[in-house]
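The sequence lines fix the lettering, A, B, ..., with proteins before strands; numbering per chain opens at 1.
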Protein chains: 2
Amino acid sequence: MSFFSYLSSLIHVSDSLKAELLSITEELNVGRNEPIVEINNRCNDLFFIEKGLVRGFYYEGGKEITNWFAQEGEFATCFYSFIAIKPAFETIEALEDSILIRIPHAGLEKLYLKFPETERVGRIITEAYYIKLEERLLSLQFKNAKERYQNFVLSKPSLLQRASLGQIASYLGITQETLSRIRAGSH
Amino acid sequence: MSFFSYLSSLIHVSDSLKAELLSITEELNVGRNEPIVEINNRCNDLFFIEKGLVRGFYYEGGKEITNWFAQEGEFATCFYSFIAIKPAFETIEALEDSILIRIPHAGLEKLYLKFPETERVGRIITEAYYIKLEERLLSLQFKNAKERYQNFVLSKPSLLQRASLGQIASYLGITQETLSRIRAGSH
DNA sequence: TACCGATTTTGATATTTGTCAAAAATATCT
DNA sequence: AGATATTTTTGACAAATATCAAAATCGGTA
């Protein structure tokens with residue numbers, strides 16, 4: 001899904017808004033395993049994913065923990081860094097060759113001021129993300145490892161082929177050994 | 001903190017905006033243990049808490065699970081119900097005699113259209129809530145029961161006196177027996 | 001103040017998941 | 001295709017936390 005068709009589904013994109021968007025955004029091609037945002041840097045950009053798959057991860061006890069996956073038609077950023085204007089605690093990398101639209105923070109702020117109706121998009125995106133996060137928290141708090149995995153299979157089936165076992169396990173908050181046993185046990 | 005002084009810290013509140021706010025909001029007094037939003041109803045309102053303490057909870061396996069606490073100067077709503085326009089999966093109740101400002105969903109939408117600068121407030125509130133939720137998710141995923149409790153003590157010390165052990169335990173995702181043992185063990 | 005119900009604490013045991021180590025399977029590169 | 005690196009699976013055991021039951025404590029009220 002292109003960035004423009006996504007936006008058009010939320011607000012009317014006038015010619016002048018479109019021109020402004022073109023001037024502040026930039027298309028970015030990243031290869032598989034290529035880092036997009038490095039940990040401890042400021043993440044100044046919001047990325048819309050036109051094609052491909054990216055993930056955010058960080059290290060906890062020396063191990064990579066995948067914090068989120070984002071695929072075609074979704075946004076990716078180190079939300080905390082982007083909003084709070086603090087260094088990113090996570091690295092963003094592409095899991096596949098991907099095409100991203102880069103939206104710099106400063107450009108977005110300019111956009112909000114010049115086209116106040118775009119604040120609506122920012123709010124709607126944030127709300128949607130909040131709900132997803134809330135669902136994930138509830139799942140983590142009340143579902144056991146197997147139930148969480150089953151839920152993942154239902155909600156993100158395409159990622160089963162596109163992400164590794166270890167990446168999925170850490171996203172679900174379990175070890176890869178446990179996930180491997182869950183897969184073996186369910187037939 | 002009053003609702004108006006809170007708003008004024010984010011945007012300029014003109015006289016006409018103030019008048020509109022007065023027309024769409026309503027002050028609500030609720031007593032201790034009184035329900036504010038019942039489970040399975042639509043939660044059509046956002047509440048700003050001028051005084052008191054409220055919590056959201058639901059039932060999981062027959063037990064009450066406290067999903068959040070909100071005190072003076074914070075907002076409370078069943079976010080999912082309010083945003084997604086679905087029935088609430090949680091009940092909101094006052095833990096103390098409280099004074100709330102009720103902001104109905106329809107009034108808020110009207111406000112966004114009439115005063116586009118208020119979209120900004122909606123976005124900023126949602127962003128702040130997102131970051132808090134993300135911190136909580138990380139805590140749940142990587143901290144053990146004791147660390148989570150210690151973090152709670154540091155970040156919400158006043159709630160230690162105002163909420164019960166069982167309410168705090170379920171909020172932290174542990175049983176009240178475990179929390180009781182944590183308290184006994186740390187001296 | 002003494003009682004009653006609710007909340008908190010303590011104890012014994014069970015369950016889930018993690019840890020560490022090694023083997024097996026799979027993917028990658030030349 | 002073969003060699004090597006990476007990922008996944010399997011096994012034995014350990015740790016954290018849950019469960020169930022009962023005792024102790026607390027708080028409000030007659």
Side-chain angles (χ1 to χ4, degrees), chain A residues 31-35 53 55 57-66 69 91 93-97 136-153 159-187, chain B residues 31-35 53 55 57 59-66 69 93-97 136-153 159-187:
Chain A
R32 176 173 153 78
N33 294 330
E34 196 177 315
L53 175 65
R55 67 165 182 145
F57 71 94
Y58 54 89
Y59 292 92
E60 178 80 26
K63 284 179 191 154
E64 278 187 11
I65 306 295
T66 296
F69 297 102
T91 296
E93 73 167 17
L95 293 181
E96 300 172 355
D97 296 346
R136 198 165 150 223
L137 186 127
L138 293 179
S139 159
L140 200 59
Q141 199 163 5
F142 299 108
K143 307 292 181 195
N144 63 28
K146 184 171 185 177
E147 291 167 330
R148 275 181 263 159
Y149 177 66
Q150 288 169 336
N151 186 53
F152 184 85
V153 171
L159 292 193
L160 291 177
Q161 340 301 337
R162 301 165 78 187
S164 77
L165 177 112
Q167 288 162 358
I168 293 170
S170 70
Y171 174 78
L172 294 174
I174 57 183
T175 61
Q176 59 175 23
E177 292 94 329
T178 296
L179 181 52
S180 177
R181 289 186 175 106
I182 287 168
R183 280 184 169 172
S186 70
H187 36 109
Chain B
R32 177 172 153 81
N33 295 329
E34 195 178 316
L53 174 65
R55 68 164 181 146
F57 71 94
Y59 292 91
E60 178 82 26
K63 284 177 191 155
E64 278 188 12
I65 307 294
T66 296
F69 297 101
E93 71 166 19
L95 293 180
E96 301 171 355
D97 296 347
R136 196 165 151 221
L137 186 128
L138 294 179
S139 158
L140 200 58
Q141 199 162 5
F142 299 109
K143 306 292 182 198
N144 63 29
K146 184 172 184 177
E147 291 168 330
R148 274 181 265 158
Y149 176 66
Q150 287 170 337
N151 185 54
F152 183 86
V153 171
L159 292 193
L160 291 177
Q161 339 302 339
R162 300 165 79 187
S164 77
L165 176 111
Q167 288 162 359
I168 293 170
S170 70
Y171 174 77
L172 294 173
I174 57 184
T175 60
Q176 60 174 22
E177 291 95 330
T178 296
L179 181 53
S180 176
R181 288 183 176 108
I182 288 168
R183 281 183 168 173
S186 71
H187 37 113

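Atom CD of A:Glu147 is separated from atom C1' of C:dT16 by 12 Å (rounded to the nearest Å). Between the P atom of D:dT17 and the OH atom of B:Tyr149 lies a distance of 15 Å, rounded to the nearest Å. Residue A:Asn33 contributes atom CG, which lies 12 Å from atom C1' of C:dT28 at whole-angstrom precision. The separation between B:Leu140 atom CG and D:dT17 atom P is 11 Å, rounded to whole Å. As a whole-Å value, the separation of A:Gln161 CD from D:dT7 P is 17 Å. Distance, B:Phe142 CZ to D:dA16 C1': 16 Å, rounded to whole Å. D:dT9 atom P lies 12 Å from atom CD1 of A:Ile174, rounded to whole Å. Distance A:Glu64 CD to D:dT7 C1': 13 Å, rounded to the nearest Å.
For the atom pair CZ of B:Arg136 and CG of A:Leu140, the computed distance is 10.5 Å after rounding to the nearest 0.5 Å.
For B:Glu93 against B:Asn33, the heavy-atom pair with the smallest separation is OE1-O, 4.1 Å. In plain terms, the two heavy atoms of B:Lys143 and B:Glu147 that are nearest each other are CA-OE1, 3.2 Å. Across every non-hydrogen atom of A:Phe57 and A:Thr66, the tightest pair is CB-CA, 3.9 Å.
Using the six-membered ring where Trp is involved, A:Tyr58 and B:Phe142 have ring planes that are perpendicular, over 60° apart on the 30 and 60° scheme.
At least one donor-acceptor pair under 3.5 Å links the side chain of B:Arg148 to the backbone N or O of B:Leu172. Remark: the backbone N or O of B:Ser170 is paired with a side-chain donor or acceptor of A:Gln141 at under 3.5 angstrom. In this structure, the side chain of B:Asp97 does not engage the main chain of B:Gly31 through any donor-acceptor pair within 3.5 Å.
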Inset, instruction - Before giving the answer on side-chain contact (heavy atoms from CB on, under 4.5 Å), spell out for A:Tyr149 and A:Arg183 the whole-Å C-alpha distance, their side-chain angles and the decisive distance to 0.1 Å. - result: CA-CA 9 Å; A:Tyr149 177 66; A:Arg183 280 184 169 172; 2.9 Å; yes

Polar atom pairs (N or O), protein with nucleotides 4-10 of chain C, under 3.5 Å:
from  : atom 1 : to       : atom 2 : distance (Å)
C:dT8 : OP1    : B:Leu165 : N      : 3.1
C:dT8 : OP2    : B:Leu165 : N      : 3.3
C:dT8 : OP2    : B:Gly166 : N      : 3.4
C:dT9 : OP2    : B:Ser180 : OG     : 2.8
C:dT9 : O5'    : B:Ser180 : OG     : 3.0

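Using a 4.0 Å cut-off, no side-chain N or O of B:Thr175 falls inside it from OP1 or OP2 of D:dT17. Note on B:Lys63: a side-chain N or O is less than 4.0 Å away from OP1 or OP2 of D:dT19.
In this structure, A:Arg32 reaches the sugar-phosphate backbone alone: every heavy-atom distance under 4.0 Å involves primed, P, OP1 or OP2 atoms, never a base.
Within the helix from C:dT1-D:dA30 to C:dT30-D:dA1, the inter-axis angle between the opening and closing five-pair segments is 50°, rounded to 10°.
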